[in-house]
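Read the structure below first, then the notes.
Below, read A as the first sequence line, B as the second, and so on, with proteins coming before strands; counting in each chain starts at 1. Values reported hereafter were calculated over all heavy atoms of this structure, with side chains retained and with hydrogens, waters and symmetry mates removed.
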Amino acid sequence: MTSRRFWCRDGATGWALSAPATLAVLCFLIVPIGAVIAGTFMDPRGAFAPYISYFNSGFRTTVLFRTLQISAFTTIISLIFGFMTAYVVSRAPAKLKSLLIVAAVFPLLTGVVVRAFAWLIILGRNGILNQTLLALGIVNEPLEMLYTQGAVIVGMVYLFVPLMVLSLVGVLENIPKDVLQASSSLGASPMATFRQVLLPLAVPGLIVGAVLVFTGSFTAYATPQLLGGERQTVLATLLQQRAMVSFDWVGASTIATIMTAITISIVLAMSHIARRINPMAT
Amino acid sequence: MTQPLDINAVSAHYGTTKVLEHLSLSVRAGELVSLLGASGCGKTTTLRLIAGFLSPTSGSIELGGRDLTRLPTHRRDIGLVFQNYALFPHLSVLDNVAFGLKQRGVAPGERRKRSMAMLERVGLATLADRAPGALSGGQKQRVALARALVIEPPLLMFDEPLSNLDAKLRVDMRVEIRQLQRVNGTTSVYVTHDQEEAFSISDRVAIMNAGRLMQFDRPEVLYRRPANTFVARFVGFENIIPFKVVARGGDAVTAEATGMRLQLSQNDFGAIPDAFLLATRPDGLMVSAEPAAEGLPAQLGLRTYLGRAYQYQCETAAGHLVANGSLTTPLEAGTQVKLVPVPEQCTILAADGGR
Amino acid sequence: MSDRPHPILIAVAALVYLFLMVPLVIVVGAALSDTTYLTFPPQGLSLRWFENIFAISAFRRTIVTSLQIAFLGTMIALLIGIPAAYALNRFRVELPKWLGTLFVLPILVPEIVFGFALLKSLTVGAGVPIFAALLIGHTLIVLPYVVRVISASLASFDFAIEEAAISLGSAPVKTFFTIVLPNVRAGVIAAFILAFITSLNDVSVSLFLTGPGISTLPIQILAHVEQFFDPTVASVSVLLMFLTVAVMAIVERTLGLTFLAK
């Protein structure tokens, strides 16, 4: 290949350079997942048989409903606390701000297993929380906190609040400062500026953050496995059981397809909405 | 409605940097005053202190006798026009203008009526329902102006409002701003680094440098009689030549510089001290090839064509000077000439530069 | 000044940070405990649970596997991801838009679905050895980070500089290594670190790609927790946190920590 040929801007070089990565995604991601999805529609019992049997099972629909519920709670709680925290972080003086950002990055870089495990120690029957409550005489016998929906939600919020804080700090820092100053120069109190200017401008970012957390908690495995156990089976843990314990490939594939479909449609729908209502885009 | 603004010995220090040092400035009611200077001179800091985005280290700011210094921005009642317009991207043009009225508890119907009237005045009534993102720069600036004016503030401030517009629009807009300001008679503070803009729009101009006020006066005075070498150079007096008085007779003064004598009248310049600096623009220092002319001996350097005259870079015993010469006789580099000051085009400064 | 947040907001933020930090402190405390069950505060300090990690062969083996997979997967992802990121930026006009989206797919698709799909098609379907399947899975889940981080650095790179070098007689391939790569060095380092940590912590993909003799550390921790409730896992966790701190210290030294927030 002569150097002149190498540089003609016909895109061939571009295709060549991106070919290995493209092929890798194609062969090892799209094809395998496509095969999983296609497989569920080629069932000998009929094209939609796996889905009919899925939704006929009271247990499995409960699991789907529970997963959606846990994700929704996690998202709402992370959104509220994440936004308030991000607001404070974005207003902090430079030095403190970078410290706070690091403090949010650190748990994010600590593995999900470690972070779920921490709550196992706290919420267990002989855990720290129970010991404390007993010692203070607030309860007479240890509370059953582990393997409840609350435990899973706490663990998930713990997982996703840092992500929410970091992405919202970015969103808030992108709001031009002079727009907020214009608001107060026109007589808006800090609260009015927050409600009438800052919040509406942050909405697209809030949606993106919410999607991130919702899809993340919708597909999380380790946290519901450790903190929810069998009593709080969610789609991810059900998928793992179907595949690795029951060797029910069709059932597992059906769950996988449902998870993929829900995740991708939420991502697409919300990013579309976020783009539509983004006032800064024009 | 219209009120005077008083800045009393305000200093602003951030860490060890002194952004502003004992600035005192009084803007009369209804007057438009520009703060003029290069970036970092403290003009924007001054504006932000008045707006309440910054707190002064010492000193006070009063508007119509009301002390603003400890008041948060939203209670100061100031109309502010930003460099980047700072329109609310999520609100329509009309809602942008109505924002300040809403904060003041004006009823929706009244809000709409007054905002529309203001949009009418800036010629944008037809765009009331547009999103600000869809407007041109000039239109955005008009919306910003309408938004600041509609609240009828006792003080209006402009932060380099025209610097993002192209040259033609800039001239149109400054006329428009001046007219609106005149009609309302609103006391105004206008920050800019553009000398022509400041001089054309203002009643008085405050020239600032390194956090200090250098001179505060009408544009005509600043242009003709700068008070010190900084202002002199700033307004284009490129040539500054030291002179000594050698003889006095009534109002007539004879002064001498290296290689030349000059007759000046105290009628024109006021009391002339024994040692002073004569400052001229290039068009106040004429090149003469006449060997007998009374002027500063100089050797010509590079010649450039200005259209109305030739301009020469000159080397003299008083240093490097810039002088103009007639179009009829272009002179070559290296020619020995005399540089003759035109007294009407000159001003004199104290020998220490006026500091 | 007037723009300080409301005290209630500050209090909430403080509580959120407390909520983020306390569990990690508790894990460290538990790891140092002298007792055979998990307690906090620790009753007597000891390092015996750290020794225990290395006494259990399953931990020893999985630590090695995890490090191998994380390192190899990251390197392969860099090898195929850097040219892709370069192409996406350099040939922005010539290449279709969906190509950029393609490289983000591995984080768009639920990881657990991806792991299951790999199990079905690679290990079971094509008989690919578990280690290879694990490596492929990890390479793909870190690929989006590599492409995205390096694209971000390249986005601020002025390709006129590259053209200037070529116009001065430098060969294109050589120019890439002498001009382009040094300018996105920070991006490459950040991509490596992000990818390595992501791989090291992965659960959902590895879950399906383990078998007799081969497993990763997080999967081993999960298995251990479900059987024993002793502080060994806390010690492993502390070890992992320690690794994270070390990595962050390197980032801080080379790039400044706020880089990670971007």
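- The contact between S253(A) and chain C is made by backbone and side chain atoms together, counting heavy-atom distances below 4.5 Å.
- When L207(C), I219(C), V147(C), I107(C) are compared by the number of non-hydrogen pairs under 4.5 Å with chain A, L207(C) comes out ahead.
- Pairing each heavy atom of A188(A) with each of A192(A), the nearest pair is CB-CB, 4.0 Å.
- Interface check for chain A: of the options V12(C), L99(C), V203(C), L140(C), the most heavy-atom pairs under 4.5 Å are formed by L140(C).
- Of all heavy-atom pairs spanning L118(C) and G137(C), the tightest one is CD1-CA, 3.4 Å.
- For the set P23(C), A87(C), P83(C), S121(C), the entry with the most heavy-atom pairs within less than 4.5 Å of chain A is P23(C).
- Proximity to chain C involves both the backbone and the side chain of L100(A), based on heavy atoms less than 4.5 angstrom apart.
- In this structure, the portion of M244(A) lying under 4.5 Å from any heavy atom of chain C is its side chain and not its backbone.
- Using a 4.5 Å cut-off between heavy atoms, V165(A) contacts chain C through its side chain alone, with no backbone atom that close.
- Q225(A) places a side-chain heavy atom less than 4.5 Å from the side chain of E226(C).
- Put simply, the side chain of R115(A) gets close to the backbone of T110(A): a donor and an acceptor are under 3.5 Å apart.
- Proximity to chain A is limited to the side chain of L143(C), based on heavy atoms less than 4.5 angstrom apart.
- Proximity to chain C involves both the backbone and the side chain of V25(A), based on heavy atoms less than 4.5 angstrom apart.
- Neither the backbone nor the side chain of I82(C) comes within contact range of chain A; no heavy atom of the residue lies under 4.5 Å from a heavy atom of that chain.
- With hydrogens and angles ignored, the 3.5 Å screen pairs a side-chain donor or acceptor of N130(A) with a backbone N or O of R125(A).
- Remark: side-chain polar atoms of T67(A) are paired, donor with acceptor, to backbone N or O of L235(A) under 3.5 angstrom.
- Between V142(C) and A195(C), the shortest heavy-atom contact is CG1-O, 3.3 Å.
- Both the backbone and the side chain of L108(C) come within less than 4.5 Å of a heavy atom in chain A.
- Of the possible donor and acceptor atoms, none in the side chain of R148(C) sits under 3.5 Å from a partner among the backbone N and O of V104(C).
- The aromatic rings of Y86(C) and F91(C) lie perpendicular to each other, with more than 60° between the two planes, well past the 30° mark.
- Proximity to chain C (any heavy atom under 4.5 Å) is shown, for V31(A), by neither the backbone nor the side chain.
- Across all non-hydrogen atoms, the minimal contact from H138(C) to S206(C) is NE2-OG, 2.9 Å.
- Relative orientation of the F83(A) and Y87(A) rings is tilted, given thresholds of 30° and 60° on the angle between their planes.
- Among L134(C), L122(C), T216(C), the single residue meeting the side-chain contact (heavy atoms from CB on, under 4.5 Å) criterion with L209(C) is L134(C).
- Comparing V112(A), V154(A), T260(A) by how many heavy-atom pairs each has under 4.5 Å with chain C, the most go to T260(A).
- Checking S170(C) against T175(C) by side-chain atom types alone, a donor-acceptor pair falls below 3.5 Å.
- Note: A103(A) leads A103(A), A19(A), G39(A), G124(A) in heavy-atom pairs under 4.5 Å with chain C.
- Interface residue V124(C): only side-chain heavy atoms are found under 4.5 Å from chain A.
- In this structure, the portions of L29(A) lying under 4.5 Å from any heavy atom of chain C include both its backbone and its side chain.
- When the candidates V238(C), V233(C), L105(C), V109(C) are compared by the number of heavy-atom contacts under 4.5 Å with chain A, V233(C) comes out ahead.
- The closest donor-acceptor contact from the side chain of S66(C) to the backbone of L217(C) lies under 3.5 Å.
- With a 4.5 angstrom heavy-atom cutoff, L102(C) touches chain A via backbone and side-chain atoms both.
- Across L79(C), L240(C), L88(C), L95(C), the residue that shares the most heavy-atom pairs under 4.5 angstrom with chain A is L95(C).
- For a residue to count as touching a neighbouring chain, one of its non-hydrogen atoms must lie under 4.5 Å from one of that chain's; by this rule Y17(C) touches chain A with the side chain only.
- With a 4.5 angstrom heavy-atom cutoff, I122(A) touches chain C only via side-chain atoms.
- Using a 4.5 Å cut-off between heavy atoms, L20(C) touches chain A through backbone and side chain atoms alike.
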What's the verdict on side-chain contact (heavy atoms from CB on, under 4.5 Å) for V28(C) and V25(C), showing C-alpha distance, side-chain angles and the deciding distance? CA-CA 5 Å; V28(C) 175; V25(C) 172; 5.7 Å; no
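- At a 4.5 Å heavy-atom cutoff, the contact between A104(A) and chain C is made by backbone and side-chain atoms alike.
- Looking at L108(A), there are no atoms closer than 4.5 Å to chain C (heavy atoms on both sides), in backbone or side chain.
- No part of T215(A) comes within reach of chain C, as not one of its non-hydrogen atoms sits under 4.5 angstrom from that chain.
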